[in-house]
Amino acid sequence: VQLQASGGGLVQSGGSLRLSCAASGRTFGSDYMAWFRQAPGKEREFVALITRTGSTTLYTDSVKGRFTSSRDNAKNTVYLQMNSLKPEDTAVYYCAATSYITKSDKNYNYWGQGTQVTVSS
């Protein structure tokens, strides 16, 4: 599967962005989709996961209540709505696909190219 992430940009603290990840190359609805991020000098970390039907979502504690993941299987696209952004959310955000629920980036076989999110204070 090929993943194409988009929607990043520069936003002020408290602002919002919506990331998109368009998938192609296989049956999108069979994949669990996740978002990871990597800030400069830090390891890549799990942000959010959405199950195949979108019925269940998981988030890392630092984004709970601010970020929402959704998907549109008809459009082969997964979204990450990010509200109340903070400077510590600044990172390159990646979408990824896997065949089961996991928060470890080692278990994801397919990755998007990343999109930069910068939150100014």
Met33/Arg52 under side-chain contact (heavy atoms from CB on, under 4.5 Å): CA gap, chis, key distance, verdict: CA-CA 8 Å; Met33 299 296 298; Arg52 293 166 175 168; over 6 Å; no
Listed partners of Lys103 passing salt bridge (charged side-chain N to carboxylate O under 4.0 Å, His left out), at least two apart: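 If we apply the salt bridge (charged side-chain N to carboxylate O under 4.0 Å, His left out) test to Lys103, skipping adjacent residues, there are no hits.
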Pairs satisfying disulfide bond (SG atoms under 2.5 Å apart), at least one member in residues 36-65, at least two apart: none
What distance separates [X] [atom1] from [Y] [atom2], expressed to the nearest 0.5 Å?
| X | Y | atom1 | atom2 | result |
| --- | --- | --- | --- | --- |
| Gln4 | Thr115 | CD | OG1 | 9.0 Å |
| Tyr93 | Ser6 | OH | OG | 15.0 Å |
| Ser120 | Gln12 | OG | CD | 5.0 Å |
| Gln81 | Ser70 | CD | OG | 8.0 Å |
| Leu58 | Lys64 | CG | NZ | 8.5 Å |
| Ser99 | Tyr32 | OG | OH | 8.5 Å |

Side chain Thr77, main chain Lys75, donor-acceptor under 3.5 Å: yes
Distance-only donor-acceptor check, side chains Thr98 and Asn107, under 3.5 Å: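 Short answer, no.
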What pairs of donor and acceptor atoms, side-chain ones from residues 38-51 against any protein atom, are under 3.5 angstrom apart with sequence neighbours left out?
| residue | atom | partner | partner atom | Å |
| --- | --- | --- | --- | --- |
| Gln38 | NE2 | Lys42 | O | 3.1 |
| Arg44 | NE | Asp105 | OD2 | 3.2 |
| Glu45 | OE2 | Arg37 | NE | 2.6 |
| Glu45 | OE2 | Arg37 | NH2 | 3.2 |
| Thr51 | OG1 | Thr56 | N | 3.1 |
| Thr51 | OG1 | Thr56 | O | 3.2 |

Aromatic centroids of Tyr108 and Tyr94 separated by under 6.0 Å: no
Sequence neighbours excluded, every pair satisfying ring-ring contact (aromatic ring centres under 6.0 Å, His included) that has a member inside residues 57-85: none
Residues that Gln2 engages under side-chain contact (heavy atoms from CB on, under 4.5 Å), provided they are two or more places apart: Ser24
Val119: side-chain contact (heavy atoms from CB on, under 4.5 Å) partners, not counting sequence neighbours: Val11, Ser13, Leu85, Pro87, Asp89, Thr90, Val117
Heavy-atom check, side chain of Leu19 versus side chain of Met82, under 4.5 Å: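 The answer is yes, as the side chains (C-beta and beyond) meet within the 4.5 Å cut-off.
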Minimum side-chain heavy-atom gap Ser69-Trp35 below 4.5 Å: yes
Hphob cluster co-occupancy, Ile101 + Trp111, side-chain heavy atoms under 4.5 angstrom: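 Yes, it is one cluster - the side chains of Ile101 and Trp111 are joined through contacts under 4.5 Å.
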Closest approach of Leu3 to Ala96 (non-hydrogen atoms, all atoms of both residues):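 Result for this residue pair: CD1-CA, 3.7 Å.
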Steps toward side chain to side chain donor-acceptor pair (under 3.5 Å) verdict (Thr102, Ser104): CA-CA 6 Å; Thr102 175; Ser104 172; 5.0 Å; no
